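Have a look at the structure below before the remarks.
Here the structure is a predicted model, which is why all the values come from computation and not from measurement. Chain identifiers are assigned alphabetically (A, B, ...) following the order of the sequence lines, protein sequences preceding nucleic acid strands; residue numbering begins at 1 within each chain.
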Protein chains: 2
Amino acid sequence: MKQQGKKKATIYDLSVLSGCSASTVSAVLNGTWRKRRIKESTAELIRSLAEQHQYTANLQARGLRSSRSGLVGLLLPVHDNRYFSSMAQTFEAQVRSHGKCPVVVSACRDPQEELATVETLISYSIDELFIAGATDPDSVHALCEAAGIRHINIDLPGTKAPSVISDNYQGARMLTQAIIQRFGAADPLLPEELFLFGGRNDHASRERIRGFRDIKSELLGRDTDGSIQPTGYSPNMTQKAFEAFYAREGKLPRGLFINSSINFEGLLRFMAQHPHEAFTDIVVGCYDYDPFGSFLPFPVIMIRQDTESMLAKAFELIEESRPAVKIHLIQPELVHPRTALNGPLDSIRDIDA
Amino acid sequence: MKQQGKKKATIYDLSVLSGCSASTVSAVLNGTWRKRRIKESTAELIRSLAEQHQYTANLQARGLRSSRSGLVGLLLPVHDNRYFSSMAQTFEAQVRSHGKCPVVVSACRDPQEELATVETLISYSIDELFIAGATDPDSVHALCEAAGIRHINIDLPGTKAPSVISDNYQGARMLTQAIIQRFGAADPLLPEELFLFGGRNDHASRERIRGFRDIKSELLGRDTDGSIQPTGYSPNMTQKAFEAFYAREGKLPRGLFINSSINFEGLLRFMAQHPHEAFTDIVVGCYDYDPFGSFLPFPVIMIRQDTESMLAKAFELIEESRPAVKIHLIQPELVHPRTALNGPLDSIRDIDA
DNA sequence: ATTGATTGCACCATCGATTGTGCAAAAAGA
DNA sequence: TCTTTTTGCACAATCGATGGTGCAATCAAT
């Protein structure tokens, strides 16, 4: 019973075919037919016709009428790193399990683009929006609020909507401590040998810097001037920062706290320009987990942010009618060098393996 | 001029406010007003009212009427690896530059899920669909065809729609050759030391295997039985394959062709279970590029598939009215060990770096 | 002052589904 | 048999935007 190039079947087509009215067809096919006291046999007839003619509802029409779309959005800064791509992966799984349709879009950490993108999503009447790593969550909130769309911040908090973020302060403490302890008592790390590279002036970076400084002072006695080298979230800027440091000092610091895997890529670019031997004794801590990063030829300690729990919590909150506007902290996990963790892909069954 | 919790403004609201008809308002706001010979001053008035009241078009209504949505879809197998996430990143940029709205969804390499997802997208009247790495492109084609949606295959070819894929045969030859040549004349690689792990029975894997076998025979004189170890696209299956091999042979092969970064993660999991020293002399070729993978403590030669060119070609083809149903091969790039390439993120301006 | 062309816009059907309301026919009760 | 209740469904308005058609009012030409 192929559709020979014809248009898609509508409830009106089925209405004619079945001899019922369009509203009856609609009720049968969207599940509200019992409420409308439609005969089982009528429903059966319509259902079989629908199947024969491969009926599928026009979701734009439904959305227009009901002003809901069944779409759930995830706004990402970028796709292309493991933190956000694994977030997208688990997001999709969760949304699907709720019977909705996931939509993932990135806005390149550009406030303008964020707002424009969200406006577009709103114009499609998305039902809910998960705002991950937005540079300006509160403006996004304003748009959602005006449109009556439930929304929640992830990864970077806002002040107007509930937020689920990882505990950057604790994570940074753990990571910094692990870096320091990696150096044995024989040749302990000195305060002036421990630096933090990467990040910008966002909540996550600030908290990580605070954790870094606190634990550094606790364990090494003091923090040092210029131990923080913000570079934005750009590999190239980070590379330049390392080049500058190297030109100035003739070596890399032995202890490196790197704010994200994106910044870590900047370190790679630096390394590609220099002989391997120039930094065999360094210890890197990276506030992000990447399985390949964990196996590099120097000790790499990583933080894995728990995207599963973050999203689970976010889903829980977004279901509430009036969730409190507060920040929920999710504990991240310290990952020792040479560790290959399972990820969201592992829950996918592979067919003909 | 805040919307104090009111509904969003519609053309009817603006129609009342301006004293014009709704169709005039519509024409002004969607750009067809010159064709409708509407006075500049009228247009100006309506535009300013629209701005005052923060009018944004209801895209579901527009889509319903015009049976187009402005959405362009990308169907991915998975989000969570660098190949597909960088494809998503590039895709978004390209779609945006065409003034459309990108929608990226993954279907987990599950034929059922692929079809269901595409049906959903069709129900939203997406305008175009890029089908990347689908397990069953021809069934997806059937759906698109029936719905009159322009579509194109990427990464894995179909037989019913034009396809843009990377030249897996050539890429595999290059990669295999590079692995072999990495071993000096002093201690050359023997045919029985070179294996291919990963992949399944899809077009890409078959072509890569063919390239692998051909060049292996050419350079090393022969291929060996059992040199192909398909494991699906699952880290765990791949890990198990390595464990089995290791249990059997007491070591890893010195030359390893790994079908994708996902399979490479399986190797990492294997390595995490074994001392580093157990495989210092191996050379890995991976048919995928991952910046961190390139810097591992053994030589890793990678293939970077040219997603930019693939997508550019795909966009070009999809604009054509009746593109030929043929396969377009895009040359991939060989990436030597310790190389950090630029990616799609580099074209994003970082704000407050 | 007519006629004809042009300008500027209003009217209305339409896209496909949802939903409140109303009304016959059938069943139940008197 | 006549009312009352229940069953089963049809009708029609509606969501917001689009685009074909038609018709006054203005202007130009004779």
Atom pair distance, as rounded to whole Å: [atom1] in [X] and [atom2] in [N]:
X	N	atom1	atom2	result
A:Tyr124	D:dG16	OH	C1'	14 Å
B:Gln60	D:dT18	CD	C1'	16 Å
B:Ile11	C:dC11	CD1	P	13 Å
B:Ile122	C:dG16	CD1	P	15 Å
A:Lys35	D:dC9	NZ	C1'	16 Å
A:Trp33	D:dG8	CH2	P	11 Å
A:Arg65	C:dG16	CZ	P	16 Å
B:Lys8	D:dG16	NZ	P	10 Å

Heavy atoms under 4.0 Å, any strand shown: does [X] hit a base, just sugar-phosphate, or nothing?
X	answer
A:Ala57	sugar-phosphate
A:Ile38	sugar-phosphate
B:Gly19	sugar-phosphate
B:Thr42	sugar-phosphate
B:Ser66	nothing
B:Ser23	base

Quiz item: Per the atom types in the model, does the base of C:dG8 pair as donor or acceptor with the side chain of B:Arg36 at under 3.5 Å?
Solution: no
Self-check item: Side chain B:Arg62 and base D:dT18 donor-acceptor under 3.5 Å
Solution: no
Out of [options], which nucleotide sits closest to the side chain of [X]?
X	options	value
B:Thr10	C:dA17, D:dA17, D:dC9	D:dA17
B:Ala61	D:dG8, D:dA17, C:dA10	D:dA17
B:Arg37	C:dT19, D:dC9, C:dC9	C:dC9
B:Thr32	C:dA17, D:dC15, D:dG19	D:dG19

Quiz item: Do A:Gln60 and B:Ser125 get their side chains close enough for a donor-acceptor pair, meaning under 3.5 Å?
Solution: yes
Quiz item: Quick one: do A:Glu320 and A:Arg150 make a salt bridge, cutoff under 4.0 Å?
Solution: no
Quiz item: Got a salt bridge between B:Glu128 and B:Arg68, using NZ or NE/NH1/NH2 to carboxylate O under 4.0 Å?
Solution: no
Quiz item: So do the side chains of A:Val95 and A:Phe315 get within less than 4.5 Å of each other, counting heavy atoms only?
Solution: yes
Quiz item: Going by heavy atoms in the side chains, are B:Glu145 and B:Lys160 under 4.5 Å from each other?
Solution: no
Quiz prompt | Verdict with supporting geometry, B:Phe91 and B:Thr307, side chain to side chain contact (heavy atoms under 4.5 Å, CB included) | solution = CA-CA 9 Å; B:Phe91 173 78; B:Thr307 52; over 6 Å; no
Return no unless some side-chain N or O of [X] is found under 4.0 Å from OP1 or OP2 of [N].
X	N	result
A:Ser26	C:dA17	no
A:Thr24	D:dA10	yes
A:Tyr55	C:dA17	yes
A:Asn30	C:dA17	no

